[in-house]
Amino acid sequence: MTMIDLVDTHCHIQSIGHNDGEETTIDLWSKLGLTQEEVIKRAHHQGVNKLIVVGCNLSDSYLAIQTAQNNDIWCSVGIHPHEAKKYVNDSNKKQEFTSLVHQEKVVAIGECGLDFYYNYSDHRSQREILEFQLDLAIKNNLPVIFHVRQAFDDFWPIINNFKNIRGVIHSFTDNLGNLEEALKRELYIGLNGISTFTKDHHQKEIFKSIPINKLLLETDSPFLTPVPFRGSINEPKNVRLVAEYLASLRGESLETLADQTTSNANKLFNMIF
Ligand SMILES: [Zn+2]
């Protein structure tokens, strides 16, 4: 097996072995039946040497920090747009969230953004909680992990109000116009297992057209399992399958894709401490 060095820039392994993380992940991890340590070891065996555990709400972000500190990996703290309505009018919770940003191993804010597909929170709450986190990112000079679904028309005007935002549009599956808007703002583009199983030809062309110096790899595990493991629980180790698929789709060697995406991740997330 070729020796390569990959980063999973977006996984949700913090709820493995817990009951108080992000709800939808807990069931999936219990089906997998592995510990955090085992999942991380399996990733290392595939050359996935660095992981960023992404927080989706307050308790989930606490768990992300704990997971990162216990396992010498990294994490982000964030309030997902689905959760926005639970925080928007609660200044105590917001204050508590703010204090997490300074914890050791925290390298980003997110995932945060707008999700007008599911609309689990009203749009006003989603906007306010996004702005709250953008403000934190600027004040602490941290990059942002964005979740944007069917909401780019509302997302760009908000971003324009915050100068010097650095970050990644995670799980990008939108059109060429919004890819160009992201690149114009020097944002990175995160791709995952969706690239291996989408049947959408236009989507594949868009994945091919992302400049390699703006590309990041992720799993979003336990979700979005790549081919050929569809139907099983996704793990950080599978970032290697995403890398292999994209290398062949884009006509690049696996080594080139791995080297460049890992260097992009190190540049954006400063994973040195
Ligand atoms: Zn995610």
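Numbering of ligands and ligand atoms starts at 1, following listing order.
For residues 7-36, every residue pair satisfying the ring pair (Phe, Tyr, Trp, His ring centres under 6.0 Å) rule, not counting sequence neighbours, is listed here: His10-His12, His10-His170.
A donor and an acceptor atom, one from each side chain of Asp8 and Thr219, are located under 3.5 Å apart. Under the 3.5 Å distance criterion, with hydrogens and angles disregarded, no donor-acceptor pair is assigned to the side chains of Gln126 and Asp115.
The shortest side-chain heavy-atom distance between Ile65 and Val77 falls under the 4.5 Å cut-off. Residues Val242 and Ser195 are in side-chain contact: their nearest non-hydrogen atoms beyond the backbone lie under 4.5 Å apart.
Here the protein contributes His10 NE2, His12 NE2, Glu111 OE2, Asp220 OD1 as N, O or S atoms under 2.8 Å from the Zn ion (ligand 1).
The two residues Thr225 and Arg230 make their nearest non-hydrogen contact at O-NH1, 2.5 Å.
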